[in-house]
A.B. asks: 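A single structure is presented below for examination.
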There are 2 protein chains.
Amino acid sequence: MDEATGNSNYALDKLRTLLRSGSLDADGKLPTERALSDMLDVSRRAVRRALEVLEAEGLIWRRQGSGTFAGRRPDGWSEHVDSIVAGTDLMEIMEVRLRIEPQLAQLAAMRAKAGEVTRMYELVKKIYESTDADGRELWDGALHRHIAQCAGNQFFLTIFDVINRVRQDEAWQAIRERARSANGTRTVTYGQHTAIVDAIAARDPGAAGEAMRLHLLTLQESLVRITSLDHQQPERNKSSSEEPNPNGALSAEHQTRKQRRTE
Amino acid sequence: MDEATGNSNYALDKLRTLLRSGSLDADGKLPTERALSDMLDVSRRAVRRALEVLEAEGLIWRRQGSGTFAGRRPDGWSEHVDSIVAGTDLMEIMEVRLRIEPQLAQLAAMRAKAGEVTRMYELVKKIYESTDADGRELWDGALHRHIAQCAGNQFFLTIFDVINRVRQDEAWQAIRERARSANGTRTVTYGQHTAIVDAIAARDPGAAGEAMRLHLLTLQESLVRITSLDHQQPERNKSSSEEPNPNGALSAEHQTRKQRRTE
DNA sequence: GCTCGAACCAATTTCCTATTGGTTCAATCC
DNA sequence: GGATTGAACCAATAGGAAATTGGTTCGAGC
């Protein structure tokens, strides 16, 4: 048995180091199976078994006729997300979240199963226990999506995912970075998350929606504070990085859209 | 001047009749410019001018290297809409509309300009004056989208358009057909539309949202009646038009999804 | 029983060529 | 003189043959 899969394991090790080394083209394409078989001096069958493992782990994805690529298989939305992002600003996204996520929380309060509520509490705990801002944002995103999932409407979940994709677009990376580091009081966020899940657990749609709305309002406020020029930072994070647009607040009329990614 | 554009006008006429006749391939591809120039015995420049007019009118669209096509230029969403439709059912879509369009109506009540409100009343009139069910649905769609547009949030409008695309998918064609023919009392719909626009004109977000919600609830109810086997006559709906279900959803738990278009 | 190599299959890319809309420009025609 | 015309040329696309690449099958051999 050990003998049998020996070559595959050898190839697997080699491939793992190859993936970690990052010595790949920008598109993440790695050599062909035949080339790998030649390079590592193992049979193609062994290479394929190793690649199957890596694919199952989600480290690579393959397309017949094209090749094998590192990372996650891209889905069709990516392209459209770009065009959407180009025409929107952060405050528009926050406004949409403020009006949709409370609805999802309401539905979740009506339909979430016991096990799903348990999972929510676990996620809240994960957020609170995270030491780094990056991890907090990760678990926070997981909680919000889980609530959307518990709304029990596949189509609504798809809509949520579209919003989520736009929200997480790299164009906002910089602002989100600052928001994470400047997000002062963890306890406030923790309390709000708990309030949301408590309301869902209590099967109180109105309270769940309102709690979600409050949570997002707080988030929006902190975003406004960050993007405004004359803000007194809660804990003097970095030297004041320049933000050209102080108009972060949501206003009745809309400012001209920034042209982004216009190739 | 008349002499100058004479040939173009001649070509324009010929092309219009060609488009109306429907004697085109299934893909709606027109002959090449050179071929048209030959067929109609006018210069290619004249053909191009005529085509420019038709393109500006939205009757055709052109792509260099490919050809000239009748109808509207397709965008990238179509493909994704199919995959979304495959995983949803009508009631899911109605639930989403019930929770999003009221929000858009609220925003529109806060931000719609005077001219936009005027346009809304015009659209309501168009709906009421339409003699055929097909025209009514067309103008109804225009009104709903216009309200979404008046919400003044580009991103929210994009979300609405996604929902709209899925809603209008041909998969629901049959049901919508029956809904149109069975939609008995026009006056009820007319009153509801007027109520929505009145609330927007009065800058009353709460009332606008509630009016929109009521309107969609009525629509949902008629859909339920149509899709249920043992339905009664449409005339009787006046008596029961009062808030058929205080809860926006149909039921707390979800019916199993139908598998559609799973090739 | 398993692996290995080879051949074959199917999906995709690549390269080339023909087609087609877009543009320019001198000749031509009132 | 001004606009049109026809021709040539440019740029983007479609179509197709050939090469590439992941997916599969099968017999030889240890």
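Per chain, numbering begins at 1; letters A, B, ... match sequence-line order.
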A.B. asks: Counting side-chain heavy atoms from C-beta on, which of dG22(D), dT3(C), dT20(C) comes nearest to Arg49(A)?
C.D. replies: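 Closest nucleotide among those given: dT3(C).
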A.B. asks: I'd like to check the salt bridge (Lys or Arg N to Asp or Glu O under 4.0 Å) partners of Arg63(B); sequence neighbours left out, ordered by chain and number.
C.D. replies: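 Arg63(B): no salt bridge (Lys or Arg N to Asp or Glu O under 4.0 Å) contacts found.
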A.B. asks: Atom pairs under 3.5 Å, N or O on each side, protein against nucleotides 14-17 of chain D: can you list them with distances?
C.D. replies:
unit_1	atom_1	unit_2	atom_2	d
dA14(D)	OP1	Arg63(B)	NH2	3.3

A.B. asks: For residues 36-47 of chain B, which residues have at least one heavy atom under 4.0 Å from DNA chain C?
C.D. replies: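 Nucleic-acid contacts, sorted: Arg44(B).
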A.B. asks: Would you please name every residue forming a side-chain contact (heavy atoms from CB on, under 4.5 Å) with Leu59(B), sequence neighbours left out?
C.D. replies: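 In terms of side-chain contact (heavy atoms from CB on, under 4.5 Å), with neighbours along the sequence ignored, Leu59(B) is linked to Arg16(B), Leu19(B), Leu54(B), Glu57(B).
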A.B. asks: Rounded to whole angstroms, how far apart are CD on Glu33(B) and P on dC9(D)?
C.D. replies: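 Glu33(B) atom CD is separated from dC9(D) atom P by 19 Å.
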A.B. asks: With salt bridge (charged side-chain N to carboxylate O under 4.0 Å, His left out) as the rule and sequence neighbours excluded, what pairs involving residues 139-153 of chain B come up?
C.D. replies: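 Sorted pair list: Arg145(B)-Asp161(B).
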A.B. asks: Find the distance Trp61(A):CH2 to dA11(C):C1' and express it as a whole number of Å.
C.D. replies: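 Between C1' of dA11(C) and CH2 of Trp61(A): 13 Å.
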A.B. asks: Measure from CZ on Arg73(B) to P on dA12(D) and round the result to the nearest Å.
C.D. replies: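 Value for this atom pair: 15 Å.
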A.B. asks: Tell me: CG of Asn9(B) to C1' of dT4(D), nearest whole Å?
C.D. replies: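 Rounding to the nearest Å, CG of Asn9(B) and C1' of dT4(D) are 15 Å apart.
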A.B. asks: Check side-chain contact (heavy atoms from CB on, under 4.5 Å) between Glu129(A) and all other residues, then give those that pass, not counting sequence neighbours.
C.D. replies: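 Applying side-chain contact (heavy atoms from CB on, under 4.5 Å) to Glu129(A) gives Lys125(A).
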A.B. asks: Of the listed nucleotides (dG23(D), dG21(C), dT4(D)), which one gets closest to any side-chain atom of Thr32(B)?
C.D. replies: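 Looking only at side-chain atoms, Thr32(B) lies closest to dG21(C).
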A.B. asks: Would you please name every residue forming a salt bridge (Lys or Arg N to Asp or Glu O under 4.0 Å) with Asp134(B), sequence neighbours left out?
C.D. replies: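 Partners of Asp134(B) by the salt bridge (Lys or Arg N to Asp or Glu O under 4.0 Å) criterion, ordered by chain and then number, come out as Arg180(B).
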A.B. asks: Can you measure Glu52(B) atom CD to dG22(C) atom C1' for me and round it to whole angstrom units?
C.D. replies: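 One finds 10 Å between C1' of dG22(C) and CD of Glu52(B), rounded.
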A.B. asks: Give the C-alpha distance, both sets of side-chain angles, the deciding distance and a yes or no for salt bridge (charged side-chain N to carboxylate O under 4.0 Å, His left out) between Arg119(A) and Glu122(A).
C.D. replies: CA-CA 5 Å; Arg119(A) 175 75 181 146; Glu122(A) 288 171 6; 3.4 Å; yes
A.B. asks: What pairs with Arg97(B) under salt bridge (Lys or Arg N to Asp or Glu O under 4.0 Å), at least two apart in sequence or on another chain?
C.D. replies: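 Salt bridge (Lys or Arg N to Asp or Glu O under 4.0 Å) list for Arg97(B), sorted by chain: Glu101(B).
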A.B. asks: Rounded to whole angstroms, how far apart are CG on Leu54(B) and C1' on dG21(C)?
C.D. replies: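 Between C1' of dG21(C) and CG of Leu54(B): 15 Å.
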A.B. asks: Tell me, please, which residues at least two apart from Gln64(A) pass side-chain contact (heavy atoms from CB on, under 4.5 Å).
C.D. replies: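 side-chain contact (heavy atoms from CB on, under 4.5 Å) list for Gln64(A), sorted by chain: empty.
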A.B. asks: Verify the contact: side-chain N or O of Arg48(B) to OP1 or OP2 of dG21(C), cut-off strictly under 4.0 Å; return yes or no.
C.D. replies: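 No, outside the criterion.
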A.B. asks: For Tyr10(B) and dT5(D), what is the distance between atoms OH and C1' respectively, to the nearest whole Å?
C.D. replies: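 Value for this atom pair: 17 Å.
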A.B. asks: Can you check the Gln64(A) CD to dA11(C) P distance for me, whole Å?
C.D. replies: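 The distance from CD of Gln64(A) to P of dA11(C) comes to 6 Å, rounded to the nearest Å.
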A.B. asks: Write out all pairs satisfying side chain to side chain donor-acceptor pair (under 3.5 Å) with one or both partners inside residues 37-46 of chain A, taking only residues at least two apart or from two chains.
C.D. replies: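 Residue pairs with at least one partner in residues 37-46 of chain A: Glu33(A)-Arg44(A).
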A.B. asks: Thr68(A): which residues meet the side-chain contact (heavy atoms from CB on, under 4.5 Å) condition with it, sequence neighbours left out?
C.D. replies: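 Result, side-chain contact (heavy atoms from CB on, under 4.5 Å) vs Thr68(A): Leu30(A), Leu51(A), Ile60(A), Arg62(A).
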A.B. asks: Just compare dT24(D), dG22(C), dT21(D) and give me whichever is closest to any side-chain atom of Arg34(A).
C.D. replies: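 Output: dT21(D).
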A.B. asks: With a 4.5 Å heavy-atom cut-off, do Met91(A) and Leu223(A) have their side chains touching?
C.D. replies: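 In short, these two side chains touch, coming nearer than 4.5 Å.
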A.B. asks: For nucleotides 26-28 of chain D, which of its nitrogen or oxygen atoms have a protein nitrogen or oxygen under 3.5 Å away, and what is each distance?
C.D. replies:
none

A.B. asks: Does a nitrogen or oxygen in the side chain of Thr68(A) sit under 4.0 Å from OP1 or OP2 of dG22(D)?
C.D. replies: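 Yes.
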A.B. asks: Anything under 30° is parallel, anything over 60° is perpendicular, the rest tilted; go ahead and classify Trp61(A) against Phe69(A).
C.D. replies: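 Answer is parallel, since the angle falls under 30°.
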